[in-house]
Amino acid sequence: AKENGKNNYQFYNDELNKKMKRKMILETYLHKAIENNELTVHYQPQFDISTYRMVGAEALLRWKCELGHIPPDEFIPIAEETGLIMPIGEWVIRQACMDIKRFKNKNINLFPISVNISTRQLMAPTFIDRIRSILLEEEVDPNYLTLEITESSFLYYEDAKNNILELRNLGVRVSLDDFGIGYSSLSMIRNIKIDELKIDRSFLNDSLKNNRVKSLLEAIIQIGKRINTKVVVEGIETKEQIELLSSHGVYGQGYFYSKPIPINEFESWYIETIGK
Ligand code: C2E
Ligand code: CA
Ligand code: CA
Ligand code: CA
């Protein structure tokens with residue numbers, strides 16, 4: 001009844017309070033995530049779709065705290081807002097480089113590892129220097145590091161442009177993540193040479209249901225080819241999707257091949273299937 005029931009406003013307020021509370025708690029925990037060893041990196045392999053050759057892997061951050069596993073889509077925005085993305089983002093880059101070094105020391109065939117970079121990191125005045133030092137300290141050839149950036153970085157176009165140029169001069173590869181879903185995807189690649197486009201998984205998702213989206217997907221792949229940029233299609237889950245893509249000479253990533261997995265699992269899988 002009305003007297004003990006909640007009206008919409010109260011309900012909305014309670015929900016909002018709950019969300020804010022969780023966010024505040026997560027923020028407190030996130031401050032300690034590095035020193036408490038709560039962060040790990042999982043790896044998801046990328047394949048040349050037509051040859052089934054493994055061509056790289058993406059590093060994806062995982063966080064397990066007292067509240068359990070928190071998905072990156074929940075904690076990365078908090079890290080970005082609070083600035084914690086600076087130490088955390090650097091931790092991921094170093095971890096990826098340490099893992100590249102680990103493979104190198106075991107004489108395992110190397111492949112590039114892609115690390116996601118937030119706009120705030122890319123824009124930091126010290127960013128290029130930090131990357132340079134990490135590569136030196138971990139003795140990693142810059143060619144084995146790919147940095148994935150998103151369109152939001154281009155809100156600060158001039159700074160982004162300079163840092164991307166410097167990264168590429170260092171020999172680090174730059175990939176444009178979530179390509180196609182933003183407002184300015186084309187203008188981003190108009191003025192800056194990028195090494196790779198990652199086509200957002202929504203395109204592949206809808207391609208089998210919607211012919212217009214399929215045509216768009218194929219057109220975007222052609223754009224990549226015409227400007228000599230590698231193309232990675234994200235979110236491949238089914239054999240049908242593989243068939244749709246197999247004649248296009250693109251790279252792919254998704255649960256069809258493998259979920260993101262911890263480094264130890266990834267290493268034994270890699271040694272077993274791809275060999276030394
Ligand atoms: P993203 O960079 O677009 O990463 C791809 C996401 O799709 C990952 O989610 C991955 O696990 C998931 N995925 C891979 N294959 C499939 C598939 O076949 N189907 C479906 N449905 N999903 C698939 P995840 O790991 O939860 O990461 C979410 C987002 O969090 C990432 O999206 C990225 O934007 C961000 N993120 C993750 N790690 C980092 C990091 O170290 N730094 C920063 N700045 N952001 C990160
Ligand atoms: Ca990514
Ligand atoms: Ca993506
Ligand atoms: Ca994303």
Side-chain angles (χ1 to χ4, degrees), residues 30 33-34 38-47 49 56-64 68-99 112-124 127 130-131 134 145-153 173-182 185 188 194-208 217 220 230-242 244-245 251-263 265-266:
L30 200 54
I34 293 181
E38 294 170 352
L39 300 177
T40 50
V41 173
H42 282 198
Y43 291 95
Q44 185 178 39
Q46 303 169 327
F47 290 82
I49 292 176
E58 178 176 6
L60 291 155
L61 188 55
R62 295 293 177 258
W63 179 33
K64 189 180 179 221
H69 292 277
I70 315 294
D73 284 331
E74 187 174 10
F75 74 81
I76 294 285
I78 298 175
E80 285 171 345
E81 264 174 54
T82 54
L84 284 168
I85 196 64
M86 302 306 286
I88 291 175
E90 179 161 333
W91 182 89
V92 180
I93 297 167
R94 186 173 297 274
Q95 196 58 50
C97 287
M98 284 165 63
D99 288 333
I113 287 184
S114 302
V115 177
N116 294 285
I117 297 296
S118 290
T119 300
R120 199 154 166 175
Q121 288 175 272
L122 180 70
M123 295 305 151
F127 185 63
R130 294 307 303 143
I131 296 286
I134 294 172
L145 182 65
T146 301
L147 297 182
E148 294 191 3
I149 62 174
T150 58
E151 185 181 291
S152 60
S153 297
R173 296 187 202 175
V174 176
S175 168
L176 213 46
D177 205 353
D178 305 336
F179 188 77
I181 55 165
S185 294
M188 295 189 293
I194 298 278
D195 301 279
E196 178 184 282
L197 301 180
K198 290 189 87 170
I199 304 181
D200 190 76
R201 75 163 174 271
S202 57
F203 284 96
L204 186 59
N205 246 330
D206 297 346
S207 277
L208 288 165
L217 172 67
I220 296 174
K230 273 195 299 174
V231 174
V232 181
V233 180
E234 291 187 324
I236 300 178
E237 293 179 355
T238 66
K239 190 128 193 22
E240 279 166 292
Q241 293 173 333
I242 294 276
L244 187 141
L245 293 166
Y251 293 170
Q253 183 182 343
Y255 298 163
F256 176 84
Y257 296 109
S258 167
K259 294 206 164 184
I261 49 177
I263 182 71
E265 243 177 87
F266 183 81

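All heavy atoms count here, side chains included; hydrogens, waters and symmetry mates do not. In each ligand, atom 1 is the first atom listed, and ligand 1 is the first ligand listed.
Close contacts between ligand 1 and Val92 involve ligand atoms 41 (O) [criterion: under 4.0 Å to a heavy atom]. If you number the atoms of ligand 1 from 1 as listed, the ones under 4.0 Å from a heavy atom of Asp178 come out as 3 (O). Of all atoms in ligand 1, numbered sequentially from 1 with element shown, those under 4.0 Å from a heavy atom of Glu58 are 2 (O), 4 (O). Using a 4.0 Å cut-off to heavy atoms of Gly235, the atoms of ligand 1 that qualify are 17 (C), 18 (O). Of all atoms in ligand 1, numbered sequentially from 1 with element shown, those under 4.0 Å from a heavy atom of Gln44 are 14 (C), 15 (N). Atoms of ligand 1 lying under 4.0 Å from any heavy atom of Asp73, numbered from 1 in the order shown and given with element: 28 (C), 29 (C), 30 (O). Taking every non-hydrogen atom of Glu234 and a distance limit under 4.0 Å, the qualifying atoms of ligand 1 come out as 3 (O).
The NE2 atom of His42 lies 6.0 Å from the CZ atom of Arg62; values are rounded to the nearest 0.5 Å. Annotation: the span from Ile220 atom CD1 to Phe203 atom CZ amounts to 4.0 Å, rounded to 0.5 Å. Note that CD of Glu81 is 11.5 Å distant from CG of Leu30, once rounded to the nearest 0.5 Å.
The pair Glu196-Lys230 meets the salt-bridge criterion, with a side-chain N (NZ, NE, NH1 or NH2) lying under 4.0 Å from an Asp/Glu carboxylate O.
The name of the N, O or S atom in Asp177 nearest to the Ca ion (ligand 3) is OD1. Nearest N/O/S atom of Glu234 with respect to the Ca ion (ligand 3) is recorded as OE2. Looking only at N/O/S atoms, Asp178 comes nearest to the Ca ion (ligand 3) through OD1.
Checking only distances, Glu237 does come within under 3.5 Å of ligand 1, N or O to N or O. Remark: ligand 1 and Leu61 share an N or O pair separated by less than 3.5 Å (distance only, no angle test). Considering both main-chain and side-chain atoms, Gln253 never comes within under 3.5 Å of ligand 1 through any nitrogen or oxygen pair. Backbone and side-chain nitrogen or oxygen atoms of Gln121 are examined, and none is located within less than 3.5 angstrom of a nitrogen or oxygen of ligand 1.
Only the side chain of Pro260 comes within 4.0 Å of ligand 1, counting heavy atoms alone; its backbone N, CA, C and O stay farther away. Residue contacts with ligand 1 for Arg62 involve side-chain atoms from C-beta outward but no N, CA, C or O (heavy atoms, distance under 4.0 Å). Heavy atoms of Ile236 found under 4.0 angstrom from ligand 1 belong exclusively to the backbone.
Checked options Gln253, Glu58, Glu234; the residue passing with Gln46 is Gln253 (criterion: side chain to side chain donor-acceptor pair (under 3.5 Å)).
Residue contact check for ligand 1: Lys198 places no non-hydrogen atom closer than 4.0 Å to it. Taking a 4.0 Å cut-off on heavy atoms, Arg201 registers as neighbouring ligand 1. Contact annotation: His42 has no heavy atom less than 4.0 Å from any atom of ligand 1.
Residues that satisfy the ring-ring contact (aromatic ring centres under 6.0 Å, His included) test with Tyr251, not counting sequence neighbours, are absent from this structure.
For the pair Ile194 and Val174, the tightest heavy-atom approach, listed with the atom from each and the gap, is CG2-O, 3.3 Å. Residues Ala57 and Phe266 come closest through the heavy atom pair CB-CZ, 3.8 Å.
With the Ca ion (ligand 2) as vertex, Glu58 OE2 and Glu148 OE1 subtend 90°, rounded to 10°.
The Ca ion (ligand 2) lies at 3.0 Å or more from every N, O or S atom belonging to Ser175.
For the pair Gln44 (side chain) and Ser258 (backbone), a donor-acceptor distance under 3.5 Å is present. Distance alone, capped at 3.5 Å, is enough to place a donor-acceptor pair between the Gln241 side chain and the Thr238 backbone. Here the side chain of Ser118 pairs no donor or acceptor atom with the backbone of Gln121 at under 3.5 angstrom.
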Review item, side-chain donor-acceptor pairs of residues 82-90, under 3.5 Å, at least two apart:
from: Thr82; atom 1: OG1; to: Ile78; atom 2: O; distance (Å): 2.8
from: Thr82; atom 1: OG1; to: Ala79; atom 2: O; distance (Å): 3.3
from: Thr82; atom 1: OG1; to: Leu84; atom 2: N; distance (Å): 3.3
from: Glu90; atom 1: OE1; to: Arg130; atom 2: NE; distance (Å): 3.2
from: Glu90; atom 1: OE2; to: Arg130; atom 2: NE; distance (Å): 3.2
from: Glu90; atom 1: OE2; to: Arg130; atom 2: NH2; distance (Å): 2.6

Verdict with supporting geometry, Glu237 and Asn205, side-chain hydrogen bond (donor to acceptor under 3.5 Å, both in side chains): CA-CA 9 Å; Glu237 293 179 355; Asn205 246 330; over 6 Å; no
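Contact check for Lys64 versus Glu38: no side-chain heavy atoms found under the 4.5 Å cut-off.
Proximity annotation for atom 40 (C) of ligand 1: of Ile85, Asn116, Val115, Asn116 comes nearest, heavy atoms only.
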